[in-house]
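Right, one structure below, let's go through it.
Since the model is a prediction, treat every value here as computed from it, not as a measurement.
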Amino acid sequence: MSLPTARGAAPRAAKERTARQRRAAATGALMVAPSTLVIAVFFLAPLVLTVWMSLHDWPLFGEQTFTGLDNYKDALTDAEVWHALGFTTLYTVITTIVIFAVAFGLAFLVRSERPGVGLFRTAMFLPVVVGMAASALLWSALYSPQGGTIPQLLSDLHLVTDPGSPFTAYWPALFAVVVMVVWKTAGLTMVLLVVGMQSIPAEVYEAAALDGAGKVAVFRRITLPLMRRTLALAVVLSVTGSYLAFDQFYILTHGGPGLSTMTVVSTIYRTAFVSYRLGYAAAIAVLLLVLLAVLNTVQLRVLRREGR
(Lines give C-alpha, C1' and ligand atoms only; values in the text may rest on other atoms or scores of the structure.)
Protein backbone atom coordinates (compact mmCIF):
# COMPACT_ATOMS: atom_id res chain seq x y z
CA MET A 1 0.00 0.00 0.00
CA SER A 2 2.97 2.33 0.57
CA LEU A 3 4.27 2.13 -3.02
CA PRO A 4 1.20 3.71 -4.70
CA THR A 5 1.26 6.48 -2.09
CA ALA A 6 4.95 7.18 -2.81
CA ARG A 7 4.30 7.07 -6.56
CA GLY A 8 1.47 9.59 -6.18
CA ALA A 9 3.42 11.87 -3.87
CA ALA A 10 6.29 12.48 -6.31
CA PRO A 11 4.15 14.07 -9.06
CA ARG A 12 2.33 16.20 -6.47
CA ALA A 13 5.65 17.43 -5.06
CA ALA A 14 6.89 18.24 -8.57
CA LYS A 15 3.67 20.18 -9.33
CA GLU A 16 3.93 22.11 -6.07
CA ARG A 17 7.57 22.95 -6.78
CA THR A 18 6.66 24.15 -10.28
CA ALA A 19 3.83 26.25 -8.86
CA ARG A 20 6.18 27.83 -6.31
CA GLN A 21 8.69 28.64 -9.05
CA ARG A 22 5.97 30.26 -11.16
CA ARG A 23 4.75 32.32 -8.20
CA ALA A 24 8.33 33.42 -7.47
CA ALA A 25 8.87 34.35 -11.13
CA ALA A 26 5.59 36.30 -11.18
CA THR A 27 6.53 38.10 -7.96
CA GLY A 28 9.96 38.98 -9.36
CA ALA A 29 8.45 40.26 -12.60
CA LEU A 30 5.97 42.37 -10.62
CA MET A 31 8.76 43.88 -8.50
CA VAL A 32 10.92 44.87 -11.48
CA ALA A 33 7.98 46.13 -13.54
CA PRO A 34 8.19 49.75 -12.24
CA SER A 35 11.91 49.97 -13.04
CA THR A 36 11.33 48.40 -16.44
CA LEU A 37 8.56 50.90 -17.15
CA VAL A 38 10.76 53.85 -16.14
CA ILE A 39 13.62 52.61 -18.34
CA ALA A 40 11.28 52.04 -21.28
CA VAL A 41 9.61 55.46 -20.99
CA PHE A 42 12.61 57.64 -20.12
CA PHE A 43 15.45 55.83 -21.94
CA LEU A 44 14.39 53.35 -24.60
CA ALA A 45 11.58 55.44 -26.09
CA PRO A 46 13.68 58.66 -26.33
CA LEU A 47 16.56 56.64 -27.76
CA VAL A 48 14.38 55.13 -30.48
CA LEU A 49 12.90 58.57 -31.24
CA THR A 50 16.39 60.12 -31.44
CA VAL A 51 17.59 57.46 -33.88
CA TRP A 52 14.44 57.93 -35.95
CA MET A 53 14.91 61.72 -35.98
CA SER A 54 18.55 61.31 -37.03
CA LEU A 55 17.39 59.62 -40.24
CA HIS A 56 15.30 62.64 -41.24
CA ASP A 57 15.61 66.26 -42.20
CA TRP A 58 13.61 67.31 -39.13
CA PRO A 59 13.00 71.07 -38.86
CA LEU A 60 11.37 72.61 -35.80
CA PHE A 61 8.32 73.45 -37.91
CA GLY A 62 7.17 71.85 -41.11
CA GLU A 63 7.27 68.37 -42.56
CA GLN A 64 10.02 65.85 -41.91
CA THR A 65 11.85 64.31 -44.86
CA PHE A 66 13.56 60.93 -44.71
CA THR A 67 17.24 61.32 -45.62
CA GLY A 68 18.73 58.00 -44.50
CA LEU A 69 22.32 58.31 -43.34
CA ASP A 70 22.92 61.77 -44.82
CA ASN A 71 22.95 63.44 -41.40
CA TYR A 72 25.63 61.02 -40.21
CA LYS A 73 27.73 61.63 -43.33
CA ASP A 74 27.45 65.39 -42.81
CA ALA A 75 28.37 65.10 -39.13
CA LEU A 76 31.47 63.03 -39.87
CA THR A 77 32.72 65.67 -42.32
CA ASP A 78 31.65 68.74 -40.30
CA ALA A 79 34.67 70.77 -39.12
CA GLU A 80 32.64 72.28 -36.27
CA VAL A 81 31.75 68.84 -34.93
CA TRP A 82 35.37 67.68 -35.12
CA HIS A 83 36.56 70.83 -33.37
CA ALA A 84 34.01 70.28 -30.60
CA LEU A 85 35.07 66.64 -30.28
CA GLY A 86 38.75 67.61 -30.10
CA PHE A 87 38.11 70.25 -27.46
CA THR A 88 35.90 67.90 -25.45
CA THR A 89 38.58 65.21 -25.57
CA LEU A 90 41.24 67.67 -24.40
CA TYR A 91 38.96 68.85 -21.60
CA THR A 92 38.22 65.23 -20.63
CA VAL A 93 41.90 64.27 -20.43
CA ILE A 94 42.90 67.33 -18.40
CA THR A 95 39.92 67.12 -16.06
CA THR A 96 40.29 63.39 -15.42
CA ILE A 97 44.01 63.68 -14.63
CA VAL A 98 43.53 66.63 -12.28
CA ILE A 99 40.52 65.06 -10.54
CA PHE A 100 42.42 61.85 -9.85
CA ALA A 101 45.51 63.73 -8.64
CA VAL A 102 43.41 65.77 -6.19
CA ALA A 103 41.16 62.86 -5.19
CA PHE A 104 44.10 60.55 -4.45
CA GLY A 105 45.67 63.21 -2.22
CA LEU A 106 42.41 63.70 -0.35
CA ALA A 107 41.83 59.94 -0.09
CA PHE A 108 45.21 59.39 1.56
CA LEU A 109 44.38 62.12 4.07
CA VAL A 110 40.99 60.72 5.08
CA ARG A 111 41.36 56.95 4.66
CA SER A 112 42.34 56.33 8.30
CA GLU A 113 40.20 57.22 11.28
CA ARG A 114 41.50 60.19 13.25
CA PRO A 115 39.91 63.11 15.11
CA GLY A 116 38.05 65.41 12.75
CA VAL A 117 38.44 63.20 9.67
CA GLY A 118 34.68 62.68 9.40
CA LEU A 119 34.08 66.43 9.26
CA PHE A 120 36.82 66.79 6.64
CA ARG A 121 35.28 64.04 4.50
CA THR A 122 31.89 65.73 4.70
CA ALA A 123 33.35 69.10 3.74
CA MET A 124 35.14 67.62 0.72
CA PHE A 125 32.00 65.75 -0.39
CA LEU A 126 29.54 68.64 0.01
CA PRO A 127 30.19 70.19 -3.45
CA VAL A 128 29.11 66.90 -5.05
CA VAL A 129 25.51 67.41 -3.91
CA VAL A 130 25.37 70.88 -5.48
CA GLY A 131 24.01 70.89 -9.02
CA MET A 132 26.41 71.62 -11.86
CA ALA A 133 24.43 74.67 -12.97
CA ALA A 134 24.35 76.08 -9.44
CA SER A 135 28.09 75.45 -9.07
CA ALA A 136 28.78 77.22 -12.36
CA LEU A 137 26.72 80.23 -11.28
CA LEU A 138 28.59 80.34 -7.97
CA TRP A 139 31.98 80.25 -9.65
CA SER A 140 30.84 82.78 -12.24
CA ALA A 141 30.36 85.22 -9.37
CA LEU A 142 33.74 84.24 -7.90
CA TYR A 143 35.45 84.86 -11.26
CA SER A 144 33.68 88.17 -11.90
CA PRO A 145 36.06 91.14 -12.30
CA GLN A 146 33.44 93.31 -10.59
CA GLY A 147 33.88 92.28 -6.96
CA GLY A 148 34.71 88.62 -7.52
CA THR A 149 36.77 86.94 -4.81
CA ILE A 150 39.31 85.30 -7.12
CA PRO A 151 40.35 88.43 -9.11
CA GLN A 152 40.60 90.36 -5.85
CA LEU A 153 42.76 87.62 -4.31
CA LEU A 154 45.07 87.56 -7.33
CA SER A 155 45.38 91.34 -7.12
CA ASP A 156 46.14 91.26 -3.39
CA LEU A 157 48.85 88.67 -3.99
CA HIS A 158 50.30 90.92 -6.74
CA LEU A 159 50.01 88.07 -9.25
CA VAL A 160 48.10 90.32 -11.64
CA THR A 161 47.92 94.09 -11.88
CA ASP A 162 44.60 94.45 -13.69
CA PRO A 163 42.47 91.33 -13.09
CA GLY A 164 39.83 90.75 -15.71
CA SER A 165 37.52 87.95 -16.72
CA PRO A 166 39.34 84.66 -17.42
CA PHE A 167 36.79 83.85 -20.12
CA THR A 168 38.16 86.27 -22.71
CA ALA A 169 41.01 83.91 -23.71
CA TYR A 170 41.07 80.20 -24.55
CA TRP A 171 43.46 78.70 -21.99
CA PRO A 172 42.36 80.84 -19.01
CA ALA A 173 38.75 79.96 -19.80
CA LEU A 174 39.53 76.24 -19.98
CA PHE A 175 41.59 76.41 -16.79
CA ALA A 176 38.80 78.27 -14.95
CA VAL A 177 36.23 75.63 -15.93
CA VAL A 178 38.57 72.77 -14.94
CA VAL A 179 39.11 74.32 -11.49
CA MET A 180 35.36 74.58 -10.96
CA VAL A 181 34.70 71.02 -12.12
CA VAL A 182 37.48 69.59 -9.95
CA TRP A 183 36.02 71.42 -6.92
CA LYS A 184 32.59 70.04 -7.81
CA THR A 185 33.46 66.38 -8.51
CA ALA A 186 36.72 65.47 -6.76
CA GLY A 187 34.82 64.62 -3.57
CA LEU A 188 32.94 61.77 -5.26
CA THR A 189 36.13 60.31 -6.70
CA MET A 190 37.74 60.68 -3.25
CA VAL A 191 34.95 58.61 -1.66
CA LEU A 192 35.29 55.89 -4.32
CA LEU A 193 39.06 55.74 -3.79
CA VAL A 194 38.71 55.61 -0.01
CA VAL A 195 36.30 52.68 -0.33
CA GLY A 196 38.76 50.92 -2.62
CA MET A 197 41.68 51.54 -0.25
CA GLN A 198 39.76 50.32 2.79
CA SER A 199 38.81 47.10 0.98
CA ILE A 200 42.48 46.09 0.77
CA PRO A 201 43.37 43.77 3.69
CA ALA A 202 45.73 45.30 6.23
CA GLU A 203 47.76 42.09 6.21
CA VAL A 204 48.93 42.88 2.67
CA TYR A 205 50.43 46.20 3.78
CA GLU A 206 51.96 44.57 6.87
CA ALA A 207 53.65 41.94 4.72
CA ALA A 208 54.99 44.63 2.39
CA ALA A 209 56.35 46.58 5.36
CA LEU A 210 58.12 43.46 6.65
CA ASP A 211 59.71 43.04 3.21
CA GLY A 212 61.02 46.59 3.41
CA ALA A 213 58.86 48.04 0.63
CA GLY A 214 58.74 51.82 0.50
CA LYS A 215 55.60 53.95 0.19
CA VAL A 216 56.01 54.48 -3.54
CA ALA A 217 56.53 50.76 -4.18
CA VAL A 218 53.53 49.88 -2.01
CA PHE A 219 51.37 52.35 -3.92
CA ARG A 220 52.50 51.10 -7.34
CA ARG A 221 52.57 47.36 -6.68
CA ILE A 222 49.82 46.90 -4.08
CA THR A 223 47.39 49.81 -3.83
CA LEU A 224 46.88 50.50 -7.54
CA PRO A 225 46.58 46.85 -8.72
CA LEU A 226 44.16 45.91 -5.93
CA MET A 227 42.07 49.04 -6.61
CA ARG A 228 41.77 48.29 -10.32
CA ARG A 229 37.99 47.83 -10.32
CA THR A 230 37.41 50.92 -8.22
CA LEU A 231 39.67 52.94 -10.51
CA ALA A 232 37.81 51.65 -13.57
CA LEU A 233 34.48 52.77 -12.13
CA ALA A 234 35.87 56.20 -11.26
CA VAL A 235 37.47 56.61 -14.70
CA VAL A 236 34.27 55.60 -16.50
CA LEU A 237 32.25 58.11 -14.46
CA SER A 238 34.79 60.87 -15.03
CA VAL A 239 35.19 60.27 -18.76
CA THR A 240 31.46 59.93 -19.39
CA GLY A 241 30.65 63.03 -17.36
CA SER A 242 33.35 65.06 -19.11
CA TYR A 243 32.22 64.08 -22.61
CA LEU A 244 28.68 65.09 -21.65
CA ALA A 245 29.80 68.48 -20.28
CA PHE A 246 27.37 71.27 -21.02
CA ASP A 247 26.17 73.33 -18.03
CA GLN A 248 29.57 74.61 -16.95
CA PHE A 249 30.50 75.83 -20.43
CA TYR A 250 27.05 77.20 -21.23
CA ILE A 251 27.06 79.32 -18.04
CA LEU A 252 30.74 80.24 -17.68
CA THR A 253 32.15 80.58 -21.21
CA HIS A 254 29.06 80.54 -23.47
CA GLY A 255 31.25 78.55 -25.86
CA GLY A 256 33.71 81.43 -26.17
CA PRO A 257 35.91 83.12 -26.82
CA GLY A 258 34.45 82.68 -30.28
CA LEU A 259 33.46 79.03 -30.46
CA SER A 260 36.75 77.73 -29.03
CA THR A 261 35.22 76.12 -25.93
CA MET A 262 32.24 74.48 -27.61
CA THR A 263 31.78 70.92 -26.38
CA VAL A 264 29.99 68.21 -28.31
CA VAL A 265 26.82 68.60 -26.23
CA SER A 266 27.00 72.38 -26.70
CA THR A 267 27.19 71.78 -30.45
CA ILE A 268 24.15 69.51 -30.25
CA TYR A 269 22.25 72.18 -28.32
CA ARG A 270 23.28 74.93 -30.74
CA THR A 271 22.38 72.82 -33.78
CA ALA A 272 18.97 71.87 -32.38
CA PHE A 273 17.78 75.06 -30.69
CA VAL A 274 19.65 77.81 -32.54
CA SER A 275 19.79 76.41 -36.08
CA TYR A 276 16.62 74.29 -35.56
CA ARG A 277 18.17 71.29 -37.33
CA LEU A 278 16.76 68.65 -35.01
CA GLY A 279 17.56 65.67 -37.23
CA TYR A 280 21.20 66.71 -37.61
CA ALA A 281 21.51 67.31 -33.86
CA ALA A 282 20.03 63.86 -33.21
CA ALA A 283 22.65 62.29 -35.50
CA ILE A 284 25.47 63.99 -33.57
CA ALA A 285 23.90 62.76 -30.32
CA VAL A 286 23.77 59.18 -31.59
CA LEU A 287 27.41 59.36 -32.68
CA LEU A 288 28.36 60.65 -29.23
CA LEU A 289 26.46 57.78 -27.62
CA VAL A 290 28.31 55.27 -29.81
CA LEU A 291 31.65 56.89 -28.94
CA LEU A 292 30.94 56.67 -25.20
CA ALA A 293 29.83 53.05 -25.53
CA VAL A 294 33.07 52.17 -27.34
CA LEU A 295 35.24 54.04 -24.82
CA ASN A 296 33.56 52.40 -21.83
CA THR A 297 33.74 48.95 -23.42
CA VAL A 298 37.47 49.36 -24.11
CA GLN A 299 38.13 50.48 -20.55
CA LEU A 300 36.24 47.55 -19.06
CA ARG A 301 37.91 45.03 -21.38
CA VAL A 302 41.36 46.39 -20.50
CA LEU A 303 40.45 46.05 -16.84
CA ARG A 304 39.27 42.47 -17.29
CA ARG A 305 42.43 41.53 -19.20
CA GLU A 306 44.74 43.08 -16.58
CA GLY A 307 42.75 41.55 -13.75
CA ARG A 308 43.47 37.97 -14.88
Side-chain angles (χ1 to χ4, degrees), residues 86 88-130 132 135 174-245 248 288-308:
T88 307
T89 302
L90 174 64
Y91 163 76
T92 300
V93 172
I94 294 175
T95 303
T96 301
I97 292 174
V98 176
I99 285 176
F100 272 85
V102 174
F104 260 115
L106 295 175
F108 279 113
L109 289 176
V110 303
R111 65 174 177 172
S112 58
E113 296 296 336
R114 64 186 72 176
V117 70
L119 180 62
F120 186 76
R121 287 177 184 171
T122 303
M124 293 299 101
F125 187 77
L126 275 178
V128 177
V129 303
V130 181
M132 183 63 76
S135 300
L174 177 58
F175 177 76
V177 174
V178 169
V179 170
M180 188 278 292
V181 172
V182 170
W183 171 85
K184 167 73 174 68
T185 59
L188 175 61
T189 306
M190 176 199 71
V191 171
L192 294 174
L193 296 180
V194 168
V195 172
M197 290 178 181
Q198 292 179 342
S199 66
I200 300 175
E203 293 81 3
V204 177
Y205 289 112
E206 294 173 0
L210 291 175
D211 290 339
K215 292 183 179 180
V216 176
V218 169
F219 178 73
R220 288 181 54 196
R221 300 185 179 278
I222 295 178
T223 304
L224 286 180
L226 294 181
M227 288 180 60
R228 188 177 291 113
R229 296 186 181 277
T230 303
L231 289 173
L233 172 62
V235 169
V236 167
L237 292 176
S238 179
V239 170
T240 302
S242 297
Y243 266 99
L244 296 177
Q248 56 269 45
L288 177 60
L289 175 63
V290 172
L291 174 63
L292 289 175
V294 171
L295 287 176
N296 292 339
T297 301
V298 170
Q299 292 178 76
L300 294 176
R301 286 190 175 181
V302 169
L303 168 68
R304 188 180 301 115
R305 187 183 305 117
E306 292 181 353
R308 291 175 181 174

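- Identified under the side-chain hydrogen bond (donor to acceptor under 3.5 Å, both in side chains) test for residues 92-102, with sequence neighbours left out: Thr96-Ser238.
- Side-chain contact between Val239 and Tyr243 is present, with heavy atoms from C-beta onward closer than 4.5 Å.
- At least one side-chain heavy atom of Leu224 sits less than 4.5 Å from a side-chain heavy atom of Phe104.
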Between Thr223 and Tyr205, is a side chain to side chain contact (heavy atoms under 4.5 Å, CB included) present by the stated rule, with each step listed?
CA-CA 9 Å; Thr223 304; Tyr205 289 112; 2.9 Å; yes
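- Minimum interatomic distance between Lys184 and Val128 (heavy atoms only, all atoms of both residues): NZ-O, 3.0 Å.
- Contact record, Phe219 with Pro225: O-CD, 4.4 Å, taken as the closest heavy-atom pair.
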Walk me through it: do Leu126 and Val130 pass the test side chain to side chain contact (heavy atoms under 4.5 Å, CB included)?
CA-CA 7 Å; Leu126 275 178; Val130 181; over 6 Å; no
What donor-acceptor contacts under 3.5 angstrom involve side-chain atoms of residues 187-200, with partners at least two apart or in another chain?
from	atom 1	to	atom 2	distance (Å)
Gln198	NE2	Arg111	O	3.1
Ser199	OG	Gly196	O	2.6

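- Contact check for Leu288 versus Leu244: side-chain heavy atoms found under the 4.5 Å cut-off.
- For the atom pair CG (Leu226) and CZ (Arg221), the distance works out to 13.0 Å, reported to the nearest 0.5 Å.
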Going through the distances and angles, do Phe125 and Leu106 end up as a side chain to side chain contact (heavy atoms under 4.5 Å, CB included)?
CA-CA 11 Å; Phe125 187 77; Leu106 295 175; over 6 Å; no
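- Ala103 approaches Ala186 most closely through the heavy-atom pair CB-O, 3.8 Å.
- For the atom pair Thr88 OG1 and Leu291 CG, the distance stands at 9.5 Å (nearest 0.5 Å).
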